[in-house]
2 protein chains.
Amino acid sequence: MSIDSIAGPFQPGHNHKVCIRDAMNIAEQLCQSKDLRLTKIRKRVLELVWTGHEPATAYQLLKKLRAERENAEPPTVYRALDFLVEHNLVHRIESLNAFIGCDHPESEHVSQFLICSHCNQVAELDDSVTINNAVSEEANRLGFRVSDQTVEIMGLCAACQ
Amino acid sequence: MSIDSIAGPFQPGHNHKVCIRDAMNIAEQLCQSKDLRLTKIRKRVLELVWTGHEPATAYQLLKKLRAERENAEPPTVYRALDFLVEHNLVHRIESLNAFIGCDHPESEHVSQFLICSHCNQVAELDDSVTINNAVSEEANRLGFRVSDQTVEIMGLCAACQ
DNA sequence: GAAATTGTGTTATATTATAACATAATAATT
DNA sequence: AATTATTATGTTATAATATAACACAATTTC
Ligand SMILES: [Zn+2]
Ligand SMILES: [Zn+2]
Ligand SMILES: [Zn+2]
Ligand SMILES: [Zn+2]
């Protein structure tokens, strides 16, 4: 594994061009294998989301999209995001009303994030079993059946402390 | 402990009048002890939030407030909510853009919720050490310093399964 | 009681998101 | 290949959530 392939914004040696390239390749493969239509708009919105590891709002994406596609309107980007979120290519960050690319959409998982309040970079945890178990344990105590979770941890990344 | 004092919406025997009474008493005491001004508007908004264990949106609260106070406007309710959230009397549920009363504002804590997607009732966990430890563990692995968290678990409560 | 601080009234506007219906593109069926 | 059904996009309008800015009132501090 070369230094270029270290993943995640909080990893030293992180090369973002590799993130983008990998994400787009994975998206293409996933959509092919599941017979999903990664249309031009959807693909472009996914690329725009992957501009960085800072979550992007729908209207930030819309603004960028409009630079290339003058007739883009809110539904254009919201529909693309709906598709991307549905298939785990993108996650919505509830506490920010914003969207972030997922680097492992092919594996079924719940999303959990570390959000740096200084540099605004977001890292997705790898479907932490530790957190999942803790959540299950608490839910079980109350006879609650979990179907989904929002776990968004705010703080400072190592570089920003 | 009488049956009337069993707390939380997912507890059998839950008596909501007791929830409201207790919440308002605790709020009064807390504000007195911390020298905070629980003004008429703030107190009334808190009562409106405590109408039930379903989270209330700002505009739902505004509508109710207007029935009594015809000149209430969005800032009226948002300002009251800002105060209540700042002092933990109310928590914001990010995934719902809505607000819910806290029954233990006097103890410093992070908020964690179980949200029933059928009956819409929300229960706040008691600052689960289990979840907190799991979150800390994951954060530590990446050298991340946690300052706040959003933990919102969606699913079905025991009664709705 | 004057000054400073905090809270509220009021108007306007920013931001986020969806409804509704028309048209276009693609896929499936014949 | 033409027909039909389905899915995606274009377009206009509007709903839902949230804040900015400034005037005025109430309360606290000095
Ligand atoms: Zn990257
Ligand atoms: Zn993911
Ligand atoms: Zn109750
Ligand atoms: Zn609480």
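Throughout, a chain's letter reflects where its sequence line sits, starting with A, and its residues are numbered from 1. All values reported here derive from a predicted model rather than from experimental measurement. Both backbone and side-chain heavy atoms feed into the values below; hydrogens, waters and symmetry mates do not.
- Hydrophobic cluster membership differs between Val122(A) and Trp50(A), with clusters built from Ile, Leu, Val, Met, Phe, Trp and Tyr side chains linked at under 4.5 angstrom.
- Side chain to side chain, Ser95(A) and Glu152(A) meet the donor-acceptor criterion of an N or O pair below 3.5 Å.
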Report the C-alpha distance between Arg44(B) and Ile41(B) in whole Å, list the side-chain angles of each, state the deciding distance to 0.1 Å, and finish with yes or no for side-chain contact (heavy atoms from CB on, under 4.5 Å).
CA-CA 5 Å; Arg44(B) 187 63 186 131; Ile41(B) 294 176; 5.9 Å; no
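- A donor-acceptor pair is defined here as one N or O able to donate and one able to accept, closer than 3.5 Å; such a pair exists between the side chain of Gln161(B) and the backbone of Leu156(B).
- For Asn97(A) and Arg92(A), the side-chain atoms include at least one donor-acceptor pair closer than 3.5 Å.
- In summary, the side chains of Glu94(A) and Thr150(A) do not present any donor paired with an acceptor at a separation below 3.5 Å, with no hydrogens or angles considered.
- Only Ile41(A), Arg42(A), listed by number, bring a heavy atom of residues 40-56 of chain A to less than 4.0 angstrom from any atom of DNA chain D.
- Without hydrogens or angle criteria, Gln149(B) side chain to Val110(B) main chain gives no donor-acceptor distance under 3.5 Å.
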What string of B, S and - do you get for nucleotides 12-19 of chain D, 5' to 3', when a contact is any protein heavy atom under 4.0 Å?
B----BBB
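- Remark: the backbone N or O of Gln112(B) is not paired with any side-chain donor or acceptor of His91(B) at under 3.5 angstrom.
- The CG-C1' distance, from Leu61(A) to dT15(C), rounds to 14 Å in whole Å.
- Atom CD in Glu86(B) sits about 11 Å away from atom P in dT6(C), given to the nearest Å.
- Note: CZ (Arg69(A)) to C1' (dG10(D)) measures 10 Å, nearest angstrom.
- The closest side-chain heavy-atom distance from Thr76(A) to Glu73(A) is below 4.5 Å.
- In this model, the phosphate group of dA25(C) is not approached by any side-chain N or O of Thr39(A) to a distance below 4.0 Å at OP1 or OP2.
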Under 4.0 Å protein heavy-atom contact, by nucleotide of nucleotides 22-30 of chain D - B base, S sugar-phosphate only:
B----S---
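- Here the C1' atom of nucleotide dA8(D) and the CG atom of Leu84(A) are 14 Å apart, to the nearest Å.
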Decide side-chain contact (heavy atoms from CB on, under 4.5 Å) for Gln121(B) and Cys160(B); before the verdict, give the C-alpha distance in whole Å, the side-chain angles of both, and the deciding distance to 0.1 Å.
CA-CA 10 Å; Gln121(B) 305 272 298; Cys160(B) 287; over 6 Å; no
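- Between Ile100(B) and Phe113(B) the shortest heavy-atom distance is CG2-CE2, 3.7 Å.
- Between Arg66(B) atom CZ and dT10(C) atom P the separation is 11 Å, expressed in whole Å.
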